[in-house]
*Asks:* 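Structure provided below as structure tokens; questions to follow.
Order of listing sets the numbers, starting from 1, for every ligand and every atom in it. Because the structure is a prediction, the values reported are computed rather than measured.
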Amino acid sequence: MSTSAEQFDRDARGEFARLGRTRVHRGELLRHPVYTRFLHWSVAIFFILSLLTGFAIYSPWLFRWLAPLFGGGARTRALHPWFGVVFEIFFLFQFINWFGPMAWTAADRRWMRRIKAYATNEEKLEAEDVGFFNAGQKLYFWVIAVSGLLFLITGLLMWFADSMPRWIVVVSYVLHDIAALVMLGGLIIHIYEGTAHQPGTFRSMIDGTVTEKWAWTHHPAWYRAVTGRDSRDAYERERRRQRERQRVLEEGERDMRESS
Ligand code: HEM
């Protein structure tokens with residue numbers, strides 16, 4: 001990434017930090033600053049608008065009920081490429097924002113070999129070497145980057161179809177639709193991962209914070225980097241705390257039974 005892009009990203013983070021606020025309480029860590037949250041939700045909104053208008057164009061029979069939401073068939077067709085262009089612009093800024101933490105490492109290759117255990121929740125804790133993003137998250141990011149490029153090229157070719165050879169337009173339709181289906185599949189998994197599969201993740205994109213427990217459970221290497229503490233120690237401390245709590249509860253119940 002060029003230094004001017006990095007400088008732009010740093011300046012934007014600074015500007016947005018002044019516009020919005022992120023409160024980090026005791027026992028919490030800052031995960032996503034205001035600028036990152038702004039970009040994420042802008043990308044998400046314009047991607048979903050592109051998806052909905054795209055579906056209405058792709059299959060008017062199945063998605064007939066979608067076109068009226070955007071002012072009818074003709075307007076839906078006219079709006080779709082513009083939603084797509086705005087999505088591309090926001091994603092470009094998000095790409096610059098996350099390019100660093102999305103770099104693929106040896107730890108990610110090891111994570112991919114454990115993907116089944118991750119999906120089935122076999123392990124209580126992530127491996128020690130999982131950093132700010134795990135390999136699954138990085139994969140999703142790079143799928144969006146490649147699909148985004150494909151959307152842009154094929155979208156422009158279809159937009160200006162009159163001045164293109166027919167076969168190029170036909171191939172563009174196929175590639176555009178394949179990219180959209182891949183992205184839809186990815187989005188369904190992404191929403192599940194960001195909400196139900198990992199409770200405590202969704203708030204990171206709302207108020208920007210996560211609990212320390214969330215951090216040492218899912219991203220131990222990141223936890224170690226920002227706190228200087230070991231995730232295994234934190235886990236053992238938490239287990240001792242829970243055992244002690246359980247013991248006190250049981251003692252209390254026993255005392256109550258004996259005194260009644
Ligand atoms: C609409 C529902 C969505 C929800 C609930 C959601 C939720 C989240 C959350 C909570 C994170 C932070 C994960 C973390 O810090 O570990 C995140 C990250 C991310 N989101 Fe979304 N998101 C949504 C839509 C989208 C869309 C439409 C896109 C792009 C087309 C997108 C792209 C990303 C990417 C690339 C990341 C970073 C990698 C990852 O965590 O997978 N998100 N999202």
*Asks:* Where does the angle between the aromatic ring planes of His190 and Tyr140 fall among parallel (under 30°), tilted (30 to 60°) and perpendicular (over 60°)?
*Replies:* parallel

*Asks:* When the aromatic ring centroids of Phe133 and Trp222 are compared, is their separation below 6.0 Å?
*Replies:*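 Ring centres of Trp222 and Phe133 not closer than 6.0 Å.
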
*Asks:* For ligand 1, list the protein residues that place a heavy atom within a distance below 4.0 Å of one of its atoms, sorted by chain and number.
*Replies:*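 Near ligand 1, by chain and number: Arg31, His32, His40, Trp41, Val43, Ala44, Phe47, Ile48, Trp98, Met102, Phe133, Gln137, Tyr140, Ile144, Leu187, His190, Ile191, Thr201, Phe202, Ser204, Met205, Trp214.
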
*Asks:* Inspect the contact between Glu28 and Arg23 and indicate whether a charged nitrogen and a carboxylate oxygen are less than 4.0 angstrom apart.
*Replies:* no

*Asks:* Who pairs with Glu250 by side-chain contact (heavy atoms from CB on, under 4.5 Å), at least two apart in sequence or on another chain?
*Replies:* Gln246

*Asks:* Check side-chain hydrogen bond (donor to acceptor under 3.5 Å, both in side chains) between Thr76 and all other residues, then give those that pass, not counting sequence neighbours.
*Replies:*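 Partners of Thr76 under the side-chain hydrogen bond (donor to acceptor under 3.5 Å, both in side chains) test: none.
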
*Asks:* Could you identify which residues cluster with Val174, counting Ile, Leu, Val, Met, Phe, Trp and Tyr as linked when any side-chain heavy atoms lie under 4.5 Å apart, either directly or through a chain of such contacts?
*Replies:* Val143, Ile178, Val182

